[in-house]
Structure formats: structure tokens, C-alpha cells
Amino acid sequence: METPGKPRIRSIEDFEYQGKTVLLRVDINSPIDPVSKKIVNDNRITMSLPTIEYLVRKGAKVAMIAHQGDTLDYQNLIPLAEHAEKLSQKLGMAVAYIDDVAGPAAQAVVKSLRPGQIVLLGNLRYLAEEISSFENVVKLKPEEMLHTFLVRHLAPLADYYVNDAFAAAHRSAPSMVAFQELLPSAAGFLFFNEISALTKVLEGPERPAVFVLGGLKISDAYGMMEQVLKRGTADRILACGVTGMVMLMAKGYKLGQAAEKFLKDRSLDVFLEQSKEFLRDYPDKFVLPLDLAYEQEGRRMEVGIEQLPVEAMFPDIGRRTIELFKQEIGRAGTIFVNGPAGVYENPLFAEGTRELWTAIAKAKGYSVVGGGDSVSATEKFVDPKQINYICTAGGAMVRFLSGDKLPLIAAMEKAYQRQ
Ligand code: 3PG
């Protein structure tokens, strides 16, 4: 990519791979069923195929690294065996899986690869360093990450590092930003596609720009809200999912002990103070739920926020909120969506997400949907072709749109200058 003002990043097509070992970082972190832990949407796996196929065609020995989360932030205990099976089916060739990330067993498999063969290594986040290094507790610089177990053991086995994991570009983890310090590094096809599509939106969003923020991964939402508010990227933020609940509490509503305990047990109440600041500094930007849905004896019930507290969980927004949000969506020039309105997998609580998604699909504004669960919801409730751009990324998308320099992009640019 050599356009002036654009990131200067080496493309996958710049190197020769015949007989070389390529460490390929992909993001195939997929939405999973909360009970069976099986993958419910494999869009990210499908979107990773062109880069993998290219490397295989060019005779590379491909060692793939990736992570998989669970239904909550940073519960990352799920093996990648099912991902390897899906990759094998889609590629029409064997993709071996070893449930070891960088230990002796993983190293032996990587060393034994022959040209055109692929192995997927274990869930990167079995290694605590993959998370601790980007969380505030430790925060290592890429050059300090060279001492991590992952980099010490895998870098010496590889000739090249290729990153096609734009969806994790906001994670300054060893697998994302450290190998570039040691190996000739390039980005894959999906990476470039995502960047060029999002750059178009970032450079001139039609106003008003409406952000629909839902889902459970609320740290992402809070990570970017401040930026999009401060920089003026967001004109309206429609808060639903867990973000909506926390914002309501910040506004002084008591949800009820059950819901408040749910938030506290997951340390989500840490976002309360920041929410209060947002509401104080940007009172006109937020649109909060007017009512919430809950379950009673197997039936969907709704409660207006003025009638709270209720002893229940709130897995969806109520009908008044749906109508209010639909009006905002209808008026929007640009709509960014990250995270569903509720637990739409349960038919009792699908209404909020189904209705909002239908409104987004029909809206005249330019729509961008990102994030694993949001993409599954798109496939479930609307014709994906009605959405202007479906991004594999969620957290990385919103941070990119907020104008932040993402750690992956910084690392790839640094590698470009060095090579
Ligand atoms: C995502 O789904 O946003 C990326 O795969 C990053 O996952 P994480 O939020 O668990 O770091």
C-alpha cells in the first residue's frame, strides 16, 4: 500500500514463499453457542481463505495462529479443533490441529511441515501473556514482547510473518505486534480490504453518524466512545445490550439486584463512573433505553425504566425503545453497528435485534456492521446485501473509525520501514 498519506505496509504478494515457513496470524474468533460451545457463524473463517489459499499455492509451509473467546470478554479456553475442521472443509485439504500453542509439541509440528501443508496451533490465549500484555496491568511494548514464550519459541521457526487479522488490530498482543520486530512481515488480503473500506467511511461520513452499541463486549464500546464523542465522529449513540444497562445505572436508575449482581460479578460496574462523565459532558448524544424486556414464567415481559427496579435479567430492549431507536436509524446519514441489542439467539429476546437490523437494512443511510455477533445477526434477520459494508472486525472497526492508530497498523508500518 503506497498511496501518500495511507499506511505503508508490505503486501503478502511482495515475498516469495516456496519452501518457506510462514507464521500466519488470522482472526477466526467466531461467535459460539453458549451451551454447546460450537461455532455458530463461520464468516471470519471464510473471509480468511484467500490469504491461506495464496500461501499454499505459493508453496509455503503455513503455521497458523489464532485465538477464540467465549461468551464473555477474555474467557478464552476453547480449543481450535472445530476451526481446523471447518478450514479443511472449506479449503478442500487437510488442516492439522495441535492443541499446543508454542510448546515442544507445537514446535515439532511446525518443523515437520512440508511445502503446501497447513497446521493450526492451539488457542493463543491459553498463554496468559497474550492478554496480560495488552491489558493495563502489564502493557509491554512490542520490543519487550520478544521475551514472551510465544515469540521466543515460534519466531526462530519461521521465515516470514503474515498478518491477516484486522479484526484483532486493536490488541497489542505478542501474536499481533511482536513478530514484526524479527521477521520480514506482510499483511494479507482481508487486512487490506477492511482498511480500504473503512477508510472510505472514516474520511467523510454522512451526517448524522449514528452508532448502535450493544452486545456484551462493553470494554470495546467504552474504549471507543470517548474518542468518537471527543472527535465528533459520533452524532448519536444508541446504547443497548449491556452498555445500555450500565448507562441507565449511571443515570441513576436501579435495575434490581439480579441485574446489578450480574454486572458486578463481571466487573462491568467499573464503567459506571465513565458513563456518568459521558452523560454529563455529552448529554444530547446518548439515546438510552426507555424500557427493557425480561422473562417471567417462560413469557416475555417488558418494564418501563420509570418502573424499575425489577428482580430479573434484561436480555433485550422493550418495544418503546425499539421504536425510538428505529426513528434515529431512519434519520441517520451513516450507521455503525457493533453488538446486538440483546440475546437474540433466544426467540423470546430476538425482537430488539431483529427490528433494529430490519430498520438498518431498509435505512437510506450508509450502514456498516461489524463484530462477530452482529454479523451473525445480520445473516439471521436480513439479507446481508442490504448492508453497505460488513466488516469482520468489531472492536477494531470502531477504534479505527474513532481515528486511533491501531497497534497492528503501527507494527506493520514499522516493519515496512525496516524491510
Ligand atoms: C474481536 O472479536 O473483536 C477480536 O477477535 C478480538 O477479540 P477480543 O475482543 O477477545 O480481544
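These numbers come from a predicted model, not from an experiment. In listed order, ligands and their atoms are each counted from 1.
Atoms of ligand 1 found under 4.0 Å from any heavy atom of Asn29 (numbered from 1 in listed order, with element): 1 (C), 2 (O), 4 (C), 5 (O), 7 (O). Annotation for ligand 1: atoms under 4.0 Å from non-hydrogen atoms of Asp27 are 4 (C), 5 (O).
Closest to atom 3 (O) of ligand 1 by heavy atom, among Arg171, Lys217, Met176, is Lys217. Distances from atom 10 (O) of ligand 1 to the heavy atoms of His67, Arg125, Arg399 put Arg125 nearest.
Pairs engaging residues 250-265 under the salt bridge (charged side-chain N to carboxylate O under 4.0 Å, His left out) rule: Lys261-Asp265, Lys264-Asp269 [sequence neighbours left out]. Every pair passing salt bridge (charged side-chain N to carboxylate O under 4.0 Å, His left out) that includes a residue from residues 326-338 is listed here, sequence neighbours excluded: Arg236-Glu328, Glu323-Lys326, Lys326-Glu355, Glu328-Arg331.
Judged by the shortest distance from any of its heavy atoms, Gly69 lies outside the 4.0 Å radius around the atoms of ligand 1.
A side-chain contact (heavy atoms from CB on, under 4.5 Å) with Thr148 holds for exactly one of Glu130, His153, Glu129; it is Glu129.
The residues Lys217 and Asp373 are annotated as not salt-bridged, no charged nitrogen and carboxylate oxygen being separated by less than 4.0 angstrom.
The CG atom of Asp316 sits 13.5 Å away from the OH atom of Tyr294 when rounded to the nearest 0.5 Å. For the atom pair CG of Leu216 and CG of Leu268, the computed distance is 8.0 Å after rounding to the nearest 0.5 Å.
Residue Glu130 does not touch ligand 1, judged by heavy-atom distances below 4.0 Å. If you look at Gln68 next to ligand 1, there are no close heavy atoms at all, none under 4.0 Å.
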